[in-house]
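Heads up, the thing below is written out as structure tokens.
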Amino acid sequence: RAVVRGGARHAARGGRAAIPVANRRVASQRAARLVVRAESDAATEEKPAAAEGETFEYQAEVNRLLDLIVNSLYSNRDVFLRELVSNASDALDKLRFLSVSDPSMMEGQGDMKIQIKGDPVAKTLTIEDTGIGMTREDLVSSLGTIARSGTAKFMELLQSQSEGENLIGKFGVGFYSAFLVADKITVTTKNNADDKTWTWESEINQSSYSIREGGDDAGTLKRGTRIVLHLKEGAEEFAEDTKLTNLVKTYSEFISFPIEVFAKKSVPKEVEDVDATAQATEEYNKRKIAAEATGEEFTEEAPKPVMKTEYDDVQEYAVQNNDKPIWVRAPKDVEKASYDEFFKSTFKEFLDPLAYNHFAVEGDIEFRSILYVPGMAPFEQQDMMARSKAIKLYVRRVFISDEFDDSLLPRYLTFVRGVVDSNDLPLNVSREILQESRVVRVMRKRLIRKTLDMLKEISKRDNDDYATFWDAFGRNLKLGVIEDTANRDALAPLLRFESSSTEKGKHVGLDTYVENMKEGQSSIYYVAADTREAAENSPFLEQLTKKGFEVLFLIDPIDEVAMTNLAQYKEKTLVDISKEDLDLGEEDEAEAAKTKEIEEEYKSLTDWMQGELLGKVEKVTVSKRLTDTPCVLVTSKFGWSANMERIMKAQAMGDSRASEYMKGKKTMEINPTSPVILDLKAKQAAGDAGASATAALLFDTALLTSGFNIDQPAEFAAKIFALMDKAVDAAPAPAAEKQEKKDDDEPKAEAVDAEVV
């Protein structure tokens, strides 16, 4: 174990006991250093004479090492108040525990509280508690020994008792975080076991500290500890009551003891409104004079002074942590209204959550948590995944942080809101500790599982709750299918898509799809497109629609990637109907023989077209998926589809080399029953010169109908214009055009000049 002590440099031999810091004379003239000595049982064993040598102690500059410790553990200086308040809470917890067996410890100071007061003029900050306090020996051993935790030592006495589970400061360096904002710290403390009050004092950049009896205002301290921070330049804001109140509400809101901050408060008081009173009196006198003038009896009472409310700004201690953490209570004791109110106030929401899950994990690792599914997506949803602020992490009810990457939840679940309170993480937890901690890995698995359980429960409701959830967060679950391989099977039943059997805007799940599959259907079919209309009019659906097979419409850019990663569901293969070798179910012998006969009949045409389209398509085959469209282009099974190729081309930072590699090889499928294909077959057999142009035009139109982009749109337009010209030449001339031609054919009259006689 490492023993860290402050004192003059000295050497240690063998297992010689360390000299306590309390017995050393601290002199400013001597260069004090931090001595870190490694002690072990082996060190006390006698060594053979041949192996005997000198033993030295490590030397270090205390102020330098302390600076490294504080600045490496704490990147945000706001947390210093969290650490000091947590220490004060521990002191109160110790007092409460010991007072059970010895009630006399509470005499003279029955209140158990923490008070915080800033003084902007003096540039000081005072944190005072009425806890157990410290003796002189406690000051030396706890504050004079870096990384020595009084709380950890106290917990050793409670190993078999549960009363110590809420104690916070177990690491021993939280106190020194005060040097983040202070250049001098004064600690005044009084313990019931000691009749004297002691004052500990140290300054930054010094390797020594002083302890003296009494001190300024020591007589006012009956029991507990008062810490005075002399704020360094640039830290004056920590003397302002507004800043202190915000820090308490952020980090220590759920500490079990009241935390009072000395702050300004507007106090109402009733004072006389002189003008209103004078006006009322004047009106009263007028009525009285008028009554006397007419001789009428005047019985009205004189008006009382008119009062008004004014506010005085007074400074007094006010409790800032009135809220109690509902997650520490049993779920059966918390009403739904309490959960909803906690959700709205904690996460600044205005709609009730769709679901919540309150649970506790016990065993080797213990933590409590409440998770919520929001009722609507945040307005800044496009930036929601940049850094999750969804989960608030507490350690023994002390707030640590809500800024995590994917330590507690993966990024596809960043819409989930919740709190996690752990008993096993250190208070000064950092992002690096979270990434490496086994505790966090276990917590992460449990949080994911509980979240998915919530979503399953919502999906089974008979109302529109899951439709509301899907509209807001459906893309997140699709991202989860892509990224979270461990939970892919659990996420798949939660997916929803529009299909050829649903109305526009309605969705179907994969479970429902499988239940409605036709006899003989062995696969789950889907097609990707930009819109539902484009998917409905896709030529790839023709034969499937005729057979009555349902086809899922993937109209979100992320859909196709998610389905490709999912690959299968409940032993049913997910099939993209725009890919080659489409399986339309089992064929009987007659259908197989007919298919083979047609392929033989069109072999010469397909071979010829493959030659004409060399470099554009890999092959030309007879299609089984078309009923009306003359031809389509399908891609290879393991390349991009037309939809994916279009999406990847639109990426601003896309890799053109990868794009060329991942492009699916195109296969043209022709419809043997189409009049256009029959005409082309006849032209090719007769050696018609126009057959090549027809084949090229068919390829371009197939690009469009299959979802690809045409590389040379001008050439395609020229082909269309050429067809239009032929159509115009072949059509009979309109009547107006015939009349104009007739007029042109008639002989024109010759102009003759008149002869003058």
Side-chain angles (χ1 to χ4, degrees), residues 6 20-22 26 80-99 102 104-119 124-155 157 167-179 182 184-203 206 208-230 255 257-260 262 317:
V21 177
V26 180
F80 85 93
L81 188 61
R82 178 194 75 184
E83 299 289 333
L84 297 181
V85 169
S86 299
N87 289 344
S89 175
D90 281 352
L92 292 165
D93 258 324
K94 295 174 190 177
L95 176 65
R96 180 168 58 183
F97 174 77
L98 295 175
S99 65
D102 185 6
S104 64
M105 299 192 69
M106 299 292 292
E107 293 179 359
Q109 182 67 45
D111 293 339
M112 301 182 70
K113 60 185 178 181
I114 303 169
Q115 291 185 324
I116 302 173
K117 180 180 180 180
D119 187 342
T124 60
L125 171 61
T126 303
I127 300 98
E128 182 174 340
D129 66 76
T130 59
I132 194 169
M134 289 181 282
T135 63
R136 181 181 184 279
E137 289 71 20
D138 292 334
L139 287 174
V140 173
S141 61
S142 296
L143 300 189
T145 305
I146 301 173
R148 173 80 174 273
S149 171
T151 298
K153 183 178 179 181
F154 183 77
M155 287 194 66
L157 304 176
L167 295 178
I168 301 168
K170 303 177 183 177
F171 196 59
V173 295
F175 169 78
Y176 305 102
S177 65
F179 282 116
K184 180 181 178 182
I185 302 176
T186 303
V187 179
T188 304
T189 183
K190 172 71 170 62
N191 185 287
N192 284 343
D194 193 338
D195 295 334
K196 299 177 181 179
T197 302
W198 298 96
T199 297
W200 179 99
E201 194 168 82
S202 181
E203 296 185 21
Q206 289 190 5
S208 62
Y209 59 88
S210 65
I211 297 178
R212 65 181 184 274
E213 182 180 343
D216 296 338
D217 299 328
T220 63
L221 189 64
K222 297 179 180 179
R223 185 194 64 242
T225 301
R226 180 186 300 127
I227 301 175
V228 179
L229 306 183
H230 301 266
I255 291 290
F257 299 100
I259 303 174
E260 300 177 353
F262 194 72
Y317 285 103

With a 4.5 Å heavy-atom cut-off, do [X] and [Y] have their side chains touching?
{"X": "K94", "Y": "R96", "answer": "no"}
{"X": "R226", "Y": "T126", "answer": "yes"}
{"X": "T186", "Y": "I227", "answer": "no"}
{"X": "V228", "Y": "H230", "answer": "yes"}
{"X": "N192", "Y": "R223", "answer": "yes"}
{"X": "D129", "Y": "M112", "answer": "no"}

If we count only N and O atoms by modelled type, under 3.5 Å, do the side chains of E128 and Q115 hold a donor and an acceptor together? no
How close do L221 and K190 get, counting heavy atoms only, and between which atoms? CD2-N, 3.9 Å
Quick check: closest heavy atoms across A178 and I185, and the distance to 0.1 Å? CB-CD1, 3.5 Å
Output the distance between atom [atom1] ([X]) and atom [atom2] ([Y]), rounded to the nearest 0.5 Å.
{"X": "D194", "Y": "E213", "atom1": "CG", "atom2": "CD", "result": "8.5 Å"}
{"X": "I116", "Y": "L125", "atom1": "CD1", "atom2": "CG", "result": "7.0 Å"}
{"X": "S89", "Y": "R82", "atom1": "OG", "atom2": "CZ", "result": "13.5 Å"}
{"X": "I211", "Y": "T199", "atom1": "CD1", "atom2": "OG1", "result": "10.0 Å"}
{"X": "M106", "Y": "D111", "atom1": "CE", "atom2": "CG", "result": "8.0 Å"}
{"X": "I114", "Y": "T225", "atom1": "CD1", "atom2": "OG1", "result": "11.0 Å"}

Report the residues that fulfil side chain to side chain donor-acceptor pair (under 3.5 Å) with [X], sequence neighbours left out, ordered by chain and then residue number.
{"X": "T130", "result": "none"}
{"X": "D138", "result": "T135"}
{"X": "D102", "result": "S104"}

Any sub-3.5 Å donor-acceptor pair from T189's side-chain atoms to M134's backbone N or O? yes
The test is side-chain contact (heavy atoms from CB on, under 4.5 Å); show your working for R212 and E201 and say whether it passes. CA-CA 9 Å; R212 65 181 184 274; E201 194 168 82; 4.0 Å; yes
The side chain to side chain contact (heavy atoms under 4.5 Å, CB included) partner of N191 among L95, I132, L139 is I132
How would you list, by chain and number, every residue that makes a side-chain contact (heavy atoms from CB on, under 4.5 Å) with K117, sequence neighbours excluded? F262, Y317
Just to verify, what does S202 make a side-chain contact (heavy atoms from CB on, under 4.5 Å) with, not counting sequence neighbours? F179, W200, Y209
Residues two or more places apart in sequence or in another chain: which of them pass ring-ring contact (aromatic ring centres under 6.0 Å, His included) with W198? none
